[in-house]
Chemist: 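Handing you a structure now.
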Amino acid sequence: MTLEKITLFDTTLRDGQQTPGVDFSVEDKIAIATMLDEFGIDFVEGGYPGANPTDTTFFSKKRTQKAGFVAFGMTKRAGISASNDPGLSQLIQSKADAVCLVAKSWDYHVKVALGCTNEENLESIRDSVKAVVEAGKLSMVDCEHFFDGYKANPDYAIACAKEAYEAGARWVVLCDTNGGTQPPEIRDIVSAVIAAGIPGSSLGIHAHNDTGQAVANSLAAVEAGVRQIQGTLNGIGERCGNADLVTIIPTLCLKETYASRFETAIDKEKLVGLTRLSRAFDELLNRSPNHQSPYVGGSAFATKAGIHASALLKDPKTYEHVEPESVGNFRKVMVSDQGGKANFLNELKRRGITVAKDDPKLDTLISVVKEREASGYAYEGADASFELLALKTLGTVPDFFAVESFRVMVERRFDSHGRLKTVSEAVVKVLVDGETVMSVAEGDGPVNALDIALRKDLGKYQSEILDLELADYKVRILNGGTEAITRVLIESTDATGARWWTVGVSENIIDASFQALMDSIVYKLMKNRELAGQIAAE
Ligand SMILES: [Zn+2]
């Protein structure tokens, strides 16, 4: 039996950007588009060219290799021709392969929001789709408020969808914009649309999660015949979020009820990258991953001590609905017995570190990691720090250098022109090869000054760290108030293209940053000697 294809459409960069607290820079957008493209999503929607400088810059180049690169915008305004509509021209002139137009399909919104007649709205849909098709781009139409519109006026909602389809839209996407529609309603309304003459192979679903059913609604739509699903990474989006592609993709791929009928661009091999994709995206958003996320959460395959754990060790399938490895996650048995130890040994092995199961240093390492994690360290996002901690505990890290002391000064004052200035200066004393070296540096802020001073003179190691670059610096406050604990995560890279993450935790942000910077430098020196970096080099 041939499998039917479900097309995957990601709108993280457009609808996901509506999430409170999320604001992507051009660099963020490029990084996310690349992640999605490499993972294998069919379409990546990037935003609104012409609407703001970030999106205009983003659409000045095609940002995907394989995925369709999609621009989003409105249908033309009533009363002017498609060729005279400035918004529509921006979409057509962008470097996108496809244009997704948002169209009103609820007569109430046509009257109130657009202030035009129902007939004028249909004409806008028709002429805008035709203009996109004539420009040689693939055309899609998001029918906004489709399900609520259908309930209010089914004939008009269907007329809007048909107008788009007949004008040449490759995909007509039915949107549950308010997110309140229930799965049986989705199924019935999609069936009515198909019965009215739009084939399911041209229909998409765009569901919001306001009743916690965006994923269920997307699957109900597929059940009724829809063949494109729109969603976001980790389900981000305004209010309660959009349909979570990170949940939908493995469900389609691993659950027999779908896998026996459908296929997506994400095959079993690509699916192994899912957990990494989800966590890397959270890192980019600077937020903690949700431990309870289906498939990819840290707790998704975790079992607490007790009868479950022992049964789990005998036969993992007894307590798992899919194999954790199939989505790149792993099993966690949270006990400090043989089971816990076995997990730990696996983690070390993954990094090329071998240690005997009965080595007392292993017990020391396990307790140090547990203690540190309790005080705020997060080694999941800081591979290099974990590796260093393991190697130090097992006694295999050379003493490259020692920092005798550092001092950071921040001065806020008015300069001679009466302008407010903040000056940061750091002094670092380092002991290398029995010799004390002192470096002083100014920087943009205290952490930057400390970084520059620390890396200014490392004696005989200086030439080795010249290509070390800090790619990213993230601060997370772990509990509120002024006595909060600060966790700093630093991403470093070097000329080989390797990337590694280090962590520091302290009540003092400078101290936390210092720990993470030190780890990064020591890791780099270890990596240069091929003593570390199994993961980073992969
Ligand atoms: Zn939406």
Side-chain angles (χ1 to χ4, degrees), residues 347-348 351-355 359 361-362 364-365 368-369 372 377 379 381-408 426-441 443 446-473 487-506 508 510-538:
E347 274 302 289
L348 294 174
R351 292 171 166 82
I353 303 168
T354 41
V355 54
D359 189 332
K361 283 180 189 152
L362 180 63
T364 311
L365 178 61
V368 169
V369 168
R372 287 188 162 220
Y377 285 82
Y379 288 108
D383 263 353
S385 282
F386 177 81
E387 197 172 325
L388 277 183
L389 180 65
L391 292 170
K392 269 181 205 156
T393 312
L394 300 173
T396 50
V397 179
D399 288 324
F400 295 107
F401 64 95
V403 173
E404 288 191 333
S405 67
F406 72 80
R407 190 172 69 227
V408 180
V427 183
V428 178
K429 267 192 208 168
V430 189
L431 188 68
V432 194
D433 253 358
E435 235 179 277
T436 301
V437 190
M438 190 171 88
S439 304
V440 183
V447 175
N448 182 237
L450 181 63
D451 174 38
I452 298 171
L454 190 59
R455 293 200 278 152
K456 206 171 190 176
D457 190 358
L458 266 192
K460 65 175 181 180
Y461 301 117
Q462 189 56 27
S463 61
E464 281 192 47
I465 60 163
L466 290 178
D467 65 335
L468 170 65
E469 267 179 55
L470 297 193
D472 203 0
Y473 172 86
R487 180 199 296 155
V488 168
L489 267 177
I490 288 178
E491 180 186 357
S492 308
T493 173
D494 68 9
T496 67
R499 282 170 186 273
W500 61 95
W501 284 261
T502 53
V503 64
V505 171
S506 169
N508 180 314
I510 307 286
D511 193 49
S513 308
F514 174 77
Q515 294 169 22
L517 286 170
M518 282 289 284
D519 269 8
S520 172
I521 296 170
V522 174
Y523 186 82
K524 165 71 175 157
L525 295 174
M526 293 285 284
K527 181 178 166 286
N528 287 356
R529 284 159 186 71
E530 294 182 356
L531 293 171
Q534 291 262 338
I535 296 294
E538 262 172 24

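Residue numbers count from 1 along this sequence. Worth knowing before you read on, the calculation uses all heavy atoms, side chains too, and leaves out hydrogens, waters and symmetry mates.
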Chemist: Can you give me the closest heavy-atom contact between I452 and A441, atom names plus distance?
Modeler: CG2-CB, 3.6 Å
Chemist: Starting at CG of L394, measure out to CG of L362 and round the result to the nearest 0.5 Å.
Modeler: 7.5 Å
Chemist: Verify, without hydrogens or angle tests, whether T502 (side chain) and A516 (backbone) share a donor-acceptor contact under 3.5 angstrom.
Modeler: yes
Chemist: With a 4.5 Å cut-off on side-chain heavy atoms, are L458 and F400 touching?
Modeler: no
Chemist: Sorted by first residue and then second, give each salt bridge (Lys or Arg N to Asp or Glu O under 4.0 Å) pair with at least one member in residues 453-462; sequence neighbours left out.
Modeler: D433-K460, D451-R455
Chemist: Quick one: list whatever passes ring pair (Phe, Tyr, Trp, His ring centres under 6.0 Å) with F401, sequence neighbours left out.
Modeler: none
Chemist: Specify the closest pair of heavy atoms between T396 and P398, including all atoms of both residues, with the distance to one decimal.
Modeler: O-CD, 3.7 Å
Chemist: Quick one: closest heavy-atom pair of A453 and S439, and the distance?
Modeler: O-CB, 3.4 Å
Chemist: I'd like to check F514 versus V403 (side-chain heavy atoms, cut-off strictly below 4.5 Å). Are they in contact?
Modeler: yes
Chemist: Quick one: list whatever passes side-chain hydrogen bond (donor to acceptor under 3.5 Å, both in side chains) with T496, sequence neighbours left out.
Modeler: D494, K527
Chemist: Decide yes or no on side-chain contact (heavy atoms from CB on, under 4.5 Å) for I490 and Y473, but give the supporting numbers first.
Modeler: CA-CA 5 Å; I490 288 178; Y473 172 86; 3.7 Å; yes
Chemist: Mind running side-chain contact (heavy atoms from CB on, under 4.5 Å) on F406 and L454 for me, showing each step along the way?
Modeler: CA-CA 9 Å; F406 72 80; L454 190 59; over 6 Å; no
Chemist: Looking at every non-hydrogen atom in both residues, tell me the closest pair between R372 and L389 and how far apart they are.
Modeler: CD-CD2, 4.0 Å
Chemist: Show your working on side-chain contact (heavy atoms from CB on, under 4.5 Å) between Q515 and S506 and close with a plain yes or no.
Modeler: CA-CA 9 Å; Q515 294 169 22; S506 169; 4.2 Å; yes
Chemist: Given side-chain contact (heavy atoms from CB on, under 4.5 Å), test V488 with L517 step by step and report yes or no.
Modeler: CA-CA 10 Å; V488 168; L517 286 170; over 6 Å; no
Chemist: To the nearest 0.5 Å, what is the distance between OH on Y523 and CZ on F386?
Modeler: 12.0 Å
Chemist: Tell me, please, which residues at least two apart from A390 pass side chain to side chain contact (heavy atoms under 4.5 Å, CB included).
Modeler: L348, I353, L365
Chemist: If I compare all heavy atoms of V505 with all of R487, which pair ends up nearest, and what's the gap?
Modeler: CG2-CG, 3.9 Å
Chemist: Could you tell me which non-hydrogen atom of N528 sits nearest to which non-hydrogen atom of E464, and how far apart they are?
Modeler: ND2-OE1, 2.9 Å
Chemist: Kindly state each residue pair satisfying salt bridge (Lys or Arg N to Asp or Glu O under 4.0 Å) with at least one member in residues 389-407, sequence neighbours excluded.
Modeler: K392-D519
Chemist: Around Q462, counting heavy atoms of other residues, nucleotides and ligands shown, do more than 12 lie under 6.0 Å from its CD?
Modeler: yes
Chemist: Rounded to the nearest 0.5 Å, what's the gap from NZ on K524 to OG1 on T493? Could you check?
Modeler: 9.0 Å
Chemist: Distance from S520 atom OG to L468 atom CG, nearest 0.5 Å?
Modeler: 4.5 Å
Chemist: Among all residues two or more places apart in sequence or in another chain, which pass the salt bridge (Lys or Arg N to Asp or Glu O under 4.0 Å) test with D359?
Modeler: none
